[in-house]
> 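Please see the structure below; I have some questions.
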Amino acid sequence: GAEPKNRKWEQKQVQIKTLEGEFSVTMWASGTDD
Amino acid sequence: IKRKGPELANTYEWKKQLEAPDFAAAAVTCFKHVPLSDLWDNIVVGMKVEVENTDCDNFSEGVPASFWVATVLRIAGYKALLRYEGFGQESSKDFWVNLCAATVHPVGWCAGRGKPLIPPKTIQNKFKDWKQFLVRRLTGARTLPSNFIMKIFDSLKSRFTCGLTLEVVDGSCISQVKVATISKIVGKRLHIKYYDEENGSGFWCHEDSPLIHHVGWAMKTGHNLDADAEYNSRCQAGVYLDNDALPELFAQPKPSFLDQEDGGAQILAGMKLEAIDPLNLSAICVATVMRVLNDGYIMIRIDSYDPDSTGSDWFCYHSTSPYIFPAGFCEMNSIPLTPPQGYADDFDWDVYLRRTGAVAVPLTLFNCIDMETPPHCFQIGMKLECADLMDPKMICVGTISRVVGRLLKVHFDGWEDEYDQWLDCESPDMYPVGWCELVGHKLEGPRASVTEL
């Protein structure tokens, strides 16, 4: 996905766990994480 | 979200209606008073979430669930149509969920709890390398904030607590307020018990309702009050108790022209206006200002009521209320106006004012004119959940049937138009689709027609 225009979106490293193992992906998270 | 409980027996689920291709729900952002309204702009189609995987062996409620990633395809209020990742264009397993349900999480939630994502059984063998698939599908995509659950909890908290004392309009005598206590809170809606009704059904309203007031309000404004002697004397003495609800807890009306000393225009007793009938919210009626209270409040009386009443049918509106209008408002907006008693549908304001020797409340005192309309996104045909204000313990399925500036007409599905309600676009008694499910309130479904039964 393209970078969202709204500045409320934050780029985040998100951890994923599957039966094959663990890894991380870069996603956009909405809202604030206060 | 409560899934069970006797109070939720037979609660309506939107399932069938949601599947209709032309179904339109008012967006959560239309309702400023509901949970997550301020961040719902960022809940978008295409977003990814982790959600309970029901496409597995032995799935049943209560058994520890497995999760998988899904994409939001459509949004209707708090509800979203989801498709598990890996189904491509295949829609057979698409499903609606409440995005605030305990089974929906931001991507990353499962890994944080050591839970592996398990692909749905239907597509289990579709890919050999699920890691590569997920990296491709998730990189650069959007998801919920990691504190989404905390945001939900925070936004559900009421300013009020059970046991607080307050003054509330008396449902059986609308010209007075009565001392009462909060006995229950559901989704910021307060169940209030009148002080003299141990076993009565009480009263329900939202915490931002203009029908509730702080301890001492009636005395301050000059409104009629039903209270015991002890309450009256301590209010007179300015003595407050720990469980008294104080002014800062209540929604404050806007500053009124009447508060200004050189206020320009003034409202005086005897002036005429148009007002929503407090006993029949589908009707806008010719009305008279009966008394001017302190702090911008006025008592009005609907001119079509029985003339023999002894003042028990007067009703208090704030002078900035969106439910009072200048003479001519209905005609200007092609809304039927209920004429005074003895007048027919060809009612004419000029003739009436001449005959009664009354004057109309000056136009400058009203908030309902177009330039005062706050931006809102309600449109005709949108579905919502709405309190039946004639029996406000009930939240019912409704549709926006008219929009006149900031004024909305809500039609209760399956009921005759005479049960419709005119409501302001900022009314705290309207909620998005899925709100009842979120807060654990029963939702009354559309009334079934005879043929359906």
Side-chain angles (χ1 to χ4, degrees), chain A, chain B residues 36-50 53 66-69 71-72 75 85-86 99 105-119 124 127-152 154-155:
Chain A
E3 179 179 345
K5 296 263 183 334
N6 190 326
R7 65 186 169 83
K8 282 186 189 165
W9 292 89
E10 294 165 354
Q11 205 163 28
K12 301 202 76 169
Q13 282 298 112
V14 175
Q15 206 64 19
I16 308 290
K17 183 173 174 156
T18 64
L19 292 174
E20 290 86 26
E22 214 161 318
F23 55 95
S24 71
V25 291
T26 308
M27 295 187 77
W28 293 97
S30 74
T32 54
D33 273 355
D34 327 324
Chain B
L36 306 181
S37 176
D38 51 342
L39 66 77
W40 209 259
D41 261 343
N42 283 356
I43 307 296
V44 289
V45 167
M47 181 173 249
K48 314 286 183 191
V49 292
E50 289 180 355
N53 173 8
S66 69
F67 286 80
W68 187 241
V69 180
T71 305
V72 173
I75 299 168
E85 280 300 333
L99 281 174
H105 300 283
V107 175
W109 182 85
C110 282
R113 279 144 195 85
K115 292 166 82 76
L117 295 168
I118 312 281
Q124 214 166 18
F127 297 97
K128 277 189 183 142
D129 190 344
W130 282 106
K131 177 185 166 185
Q132 199 187 37
F133 170 80
L134 287 175
V135 168
R136 207 173 58 243
R137 296 293 297 166
L138 297 180
T139 300
R142 305 174 198 201
T143 191
L144 302 166
S146 55
N147 59 352
F148 190 60
I149 292 175
M150 286 314 295
K151 292 268 180 199
I152 297 171
D154 287 348
S155 60

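Everything numeric in this text was worked out from a predicted model, so none of it was measured.
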> Among A/Gln11, A/Lys12, A/Gln13, whose side-chain hydrogen bond (donor to acceptor under 3.5 Å, both in side chains) with A/Thr26 holds?
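The passing option is A/Gln13.
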
> Using heavy-atom distances under 4.5 Å, tell me whether B/Asp38 contacts chain A through its side chain, its backbone, both, or neither.
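Contact with chain A is through the backbone of B/Asp38 alone.
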
> B/Trp109 and B/Phe148: aromatic ring centres closer than 6.0 Å?
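Distance test on ring centres: not under 6.0 Å, no.
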
> Heavy-atom distances under 4.5 Å only: say whether B/Val44 touches chain A with side chain, backbone, both or neither.
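Only the side chain of B/Val44 comes within 4.5 Å of chain A.
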
> When you measure from the side chain of B/Glu85 to the backbone of B/Arg137, do you find a donor-acceptor pair of N or O atoms at a distance under 3.5 Å?
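Pair absent, no side-chain N/O of B/Glu85 close to backbone of B/Arg137.
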
> Could you check whether any side-chain heavy atom of B/Ile149 comes within less than 4.5 Å of a side-chain heavy atom of B/His105, counting everything from C-beta outward?
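SC-SC contact between B/Ile149 and B/His105 confirmed.
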
> What part of A/Glu20 gets closer than 4.5 Å to chain B, counting heavy atoms only: side chain, backbone, both or neither?
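Looking at A/Glu20, just its side chain touches chain B.
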
> Taking all atoms of both residues into account, what is the closest heavy-atom pair of B/Leu138 and B/Val69, and its distance?
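That closest heavy-atom pairing would be CD2-CG1, 3.7 Å.
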
> In terms of heavy-atom proximity below 4.5 Å to chain A, should B/Leu36 be classed as side chain, backbone, both, or neither?
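Neither the backbone nor the side chain of B/Leu36 comes within 4.5 Å of chain A.
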
> Tell me, for B/Met47 versus chain A, whether the close heavy atoms (under 4.5 Å) come from the side chain, the backbone, both or neither.
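Contact with chain A involves the side chain of B/Met47 alone.
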
> I'd like to know which of B/Asp129, B/Leu144, B/Val107 tops the heavy-atom pair count under 4.5 Å against chain A.
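Result: the option with the highest number of such pairs is B/Val107.
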
> If you tally heavy-atom pairs under 4.5 Å against chain A, which of B/Lys48, B/Lys131, B/Glu50 wins?
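Winner by heavy-atom pair count: B/Lys131.
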
> Using side-chain hydrogen bond (donor to acceptor under 3.5 Å, both in side chains) as the criterion, list what pairs up with B/Ser37, not counting sequence neighbours.
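Once residues adjacent in sequence are excluded, B/Ser37 has no partner under the side-chain hydrogen bond (donor to acceptor under 3.5 Å, both in side chains) criterion.
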
